[in-house]
Amino acid sequence: MKLADNALRSFRVAKVFRENSDKINCFDFSPNGETLISSSDDDSIVLYDCHEGKPKRTLYSKKYGVDLIRYTHAANTVVYSSNKIDDTIRYLSLHDNKYIRYFPGHSKRVVALSMSPVDDTFISGSLDKTIRLWDLRSPNCQGLMHPQGKPVCSFDPEGLIFAAGVNSEMVKLYDLRSFDKGPFTTFKMQYDRTCEWTGLKFSNDGKLILIATNGGFIRLVDAFKGAVLHTFTGYNNSKAVTLEASFTPDSQFIMIGSEDGKIHVWNGETGMKVAVLDGKHTGPITCLQFNPKFMTFASACSNMAFWLPTIDD
């Protein structure tokens with residue numbers, strides 16, 4: 001799926017669903033692109049059919065709350081963090097709405113959760129200043145890192161390494177097979193005391209790392225050399241909201257929502273802004289992802305919007 005600058009400009013909102021007055025705090029496409037799962041501040045978990053672009057099932061996690069929801073490799077199971085009671089990560093079967101396993105260990109809120117793209121491993125980062133490595137098959141933590149500072153973390157597309165953004169100023173890369181020996185490389189960035197890093201993602205080709213912040217900029221970094229390739233600005237985020245930034249599947253474009261409900265798109269190679277899309281969102285776009293298999297993407301604030309291209313390129 002290769003996209004061109006003008007193709008991004010042609011996207012339009014196909015469906016919008018008003019869920020509730022509480023914001024959608026996270027969503028994730030299934031690996032096959034067929035469904036999307038969302039979590040909201042009202043403790044709801046909504047499953048969407050991506051072909052029809054509409055919700056088909058709603059579950060609730062009233063006792064524990066729900067945040068940072070992620071599909072596993074099975075389309076009917078998810079893991080998610082809690083925002084009530086405790087900081088245990090939960091493994092849920094969507095089929096029968098039953099918990100398969102609990103992953104206790106974090107002592108403060110989980111702020112990063114990333115599933116391996118190749119197996120049952122996942123990593124979590126918490127305000128307790130730890131990063132934990134897990135396996136879906138065991139409730140016990142498989143690895144523990146103390147990076148000191150608020151961490152964000154993510155796997156690379158091959159599942160061989162993971163990156164940890166530490167203290168909003170450095171990226172540490174770990175080899176999954178020898179993470180206990182510490183990072184094999186560290187990229188030091190210019191520290192900006194006006195904001196914090198809120199997300200870290202690899203591009204699908206593994207060559208780029210995208211760092212999101214709760215300020216008015218995001219950074220594109222060379223995943224091998226650590227050089228900052230581009231700093232993207234010009235979108236609204238005056239209230240330090242956590243806005244999700246994403247790559248398109250071909251790794252060519254970078255997208256982020258803004259607090260005024262618009263989506264800004266840049267060409268990752270040239271650094272030029274190629275589109276500003278108006279999704280008529282009523283609040284900050286906190287969630288934004290491209291479907292991994294189909295030419296569509298979704299954005300969310302307190303409502304969910306599905307986007308489709310208007311022309312074939």
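Small disclaimer: the values here were computed from a predicted structure and weren't measured. All residue numbers refer to positions in the sequence shown, counting from 1.
Screening Ile218, Leu210, Val265 for a side chain to side chain contact (heavy atoms under 4.5 Å, CB included) involving Ile256 leaves a single residue, Ile218. Here the rule is ring-ring contact (aromatic ring centres under 6.0 Å, His included) with Phe11, and of Trp307, Phe297, Phe253 only Phe297 fits it.
Taking OG of Ser116 as the reference point, atom CZ of Phe162 lies at 11.0 Å (rounded to 0.5 Å). Rounding to the nearest 0.5 angstrom, the gap separating the NE2 atom in His146 from the CG atom in Leu144 is 3.5 Å. Atom-to-atom distance recorded for Leu229:CG and Lys207:NZ is 12.0 Å, nearest 0.5 angstrom. For the atom pair Ser44 OG and Asn25 CG, the distance stands at 8.5 Å (nearest 0.5 Å). From Gln252, atom CD reaches atom CD1 of Ile254 across 8.5 Å, with rounding to the nearest 0.5 Å.
For the pair Tyr235 and Thr233, the minimum side-chain heavy-atom distance is 4.5 Å or more. Here the side chains of Pro117 and Glu158 are not in contact, with every heavy-atom distance at 4.5 Å or above. Using a 4.5 Å heavy-atom threshold, the side chains of Lys56 and Thr35 count as touching. Counting only heavy atoms from C-beta outward, the side chains of Val228 and Leu220 never approach each other to under 4.5 Å. The shortest distance between side-chain heavy atoms of Ile161 and Phe155 does not fall below 4.5 Å. Side-chain contact between His281 and Asn303 is present, with heavy atoms from C-beta onward closer than 4.5 Å. Contact of the Phe247 side chain with the Leu208 side chain is registered, since non-hydrogen atoms from C-beta on lie closer than 4.5 Å. You'll find the side chain of Val79 stays beyond 4.5 Å of the side chain of Arg90, heavy atoms only.
Annotation: salt bridge (Lys or Arg N to Asp or Glu O under 4.0 Å) contacts of Glu244 (sequence neighbours excluded): Lys201. Partners of Ser126 according to the side chain to side chain donor-acceptor pair (under 3.5 Å) rule, which considers only residues two or more places apart in sequence or in another chain, are Asp128. When the side chain to side chain donor-acceptor pair (under 3.5 Å) test is applied to Ser258, the partners found at least two apart in sequence or on another chain are Asp260. Taking Lys273 as the reference, nothing meets the salt bridge (Lys or Arg N to Asp or Glu O under 4.0 Å) condition, with sequence neighbours excluded. Residues passing the salt bridge (Lys or Arg N to Asp or Glu O under 4.0 Å) test with Asp43 are Lys84, sequence neighbours excluded. Annotation: ring pair (Phe, Tyr, Trp, His ring centres under 6.0 Å) contacts of His51 (sequence neighbours excluded): Phe294. Partners of Asp135 under the salt bridge (Lys or Arg N to Asp or Glu O under 4.0 Å) rule, at least two apart in sequence or in another chain, are Arg137. In this view, Ser81 satisfies the side chain to side chain donor-acceptor pair (under 3.5 Å) rule with no residue, not counting sequence neighbours. With sequence neighbours excluded, no residue forms a side chain to side chain donor-acceptor pair (under 3.5 Å) with Arg132.
At least one donor-acceptor pair under 3.5 Å links the side chain of Arg70 to the backbone N or O of Leu113. Formation of a donor-acceptor pair under 3.5 Å by the Ser251 side chain with backbone atoms of Asp205 is found in this model. The closest donor-acceptor contact from the side chain of Ser40 to the backbone of Asp42 lies at 3.5 Å or more, if one exists at all. In terms of modelled atom types and a separation under 3.5 Å, the side chain of Gln289 and the main chain of Phe27 share a donor-acceptor contact. Of the possible polar contacts, none joining the Thr198 side chain to the Thr242 backbone as a donor-acceptor pair under 3.5 Å is found. Listed for the Thr286 side chain is a donor-acceptor partner under 3.5 Å among the backbone atoms of Ile24. Asp175 places no side-chain N or O within donor-acceptor distance of the main-chain N or O of Phe179, the cut-off being under 3.5 Å. Looking at Asn291, its side chain does come within 3.5 Å of a backbone N or O of Gly33 through a donor-acceptor pair. Between the Asn204 side chain and the Pro249 main chain, a donor and an acceptor come within less than 3.5 Å of each other. Thr231 places no side-chain N or O within donor-acceptor distance of the main-chain N or O of Arg219, the cut-off being under 3.5 Å.
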Legend entry - Evaluation steps, salt bridge (Lys or Arg N to Asp or Glu O under 4.0 Å), between Glu259 and Lys239: CA-CA 8 Å; Glu259 66 184 8; Lys239 297 174 183 172; 5.4 Å; no

Legend entry - Worked check of side-chain contact (heavy atoms from CB on, under 4.5 Å) between His264 and Lys262: CA-CA 7 Å; His264 297 251; Lys262 292 184 171 63; 4.3 Å; yes

Inset, instruction - Could you walk me through whether Asp67 and Asn83 pass side chain to side chain donor-acceptor pair (under 3.5 Å), step by step? - result: CA-CA 7 Å; Asp67 194 5; Asn83 49 20; 4.6 Å; no

Inset, instruction - Could you go through the side-chain contact (heavy atoms from CB on, under 4.5 Å) check for Phe306 and Val13 one step at a time? - result: CA-CA 6 Å; Phe306 286 92; Val13 175; over 6 Å; no

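Between the side chains of Ser82 and Thr88, no donor N or O sits under 3.5 Å from an acceptor N or O. No donor-acceptor contact under 3.5 angstrom links the side chains of Trp134 and Thr121, judged on distance only.
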Would you be so kind as to tabulate the donor-acceptor pairs closer than 3.5 Å made by side chains of residues 167-174, with sequence neighbours excluded?
residue	atom	partner	partner atom	Å
Asn167	ND2	Glu169	OE2	3.4
Ser168	OG	Trp197	N	2.9

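Using a 4.5 Å cut-off between side-chain heavy atoms of Ile, Leu, Val, Met, Phe, Trp and Tyr, Ile37 falls into a hydrophobic cluster with Ile45, Leu47, Leu59, Tyr64, Val66, Ile69, Tyr71, Val78, Tyr80, Ile85, Leu92, Leu94, Tyr99, Tyr102.
Atom CD of Gln142 sits in a crowded spot, with more than 12 heavy atoms from other residues, nucleotides or ligands closer than 6.0 Å.
By the rule that hydrophobic residues join a cluster once side-chain heavy atoms approach within less than 4.5 Å of another member, Leu133 and Phe122 end up as members of separate clusters. Put simply, Phe103 and Ile123 are part of two different groups of oily side chains (I, L, V, M, F, W, Y) that touch within less than 4.5 Å, one to the next.
Sorted pairs that involve residues 221-230 and meet side-chain hydrogen bond (donor to acceptor under 3.5 Å, both in side chains), not counting sequence neighbours, are lacking altogether.
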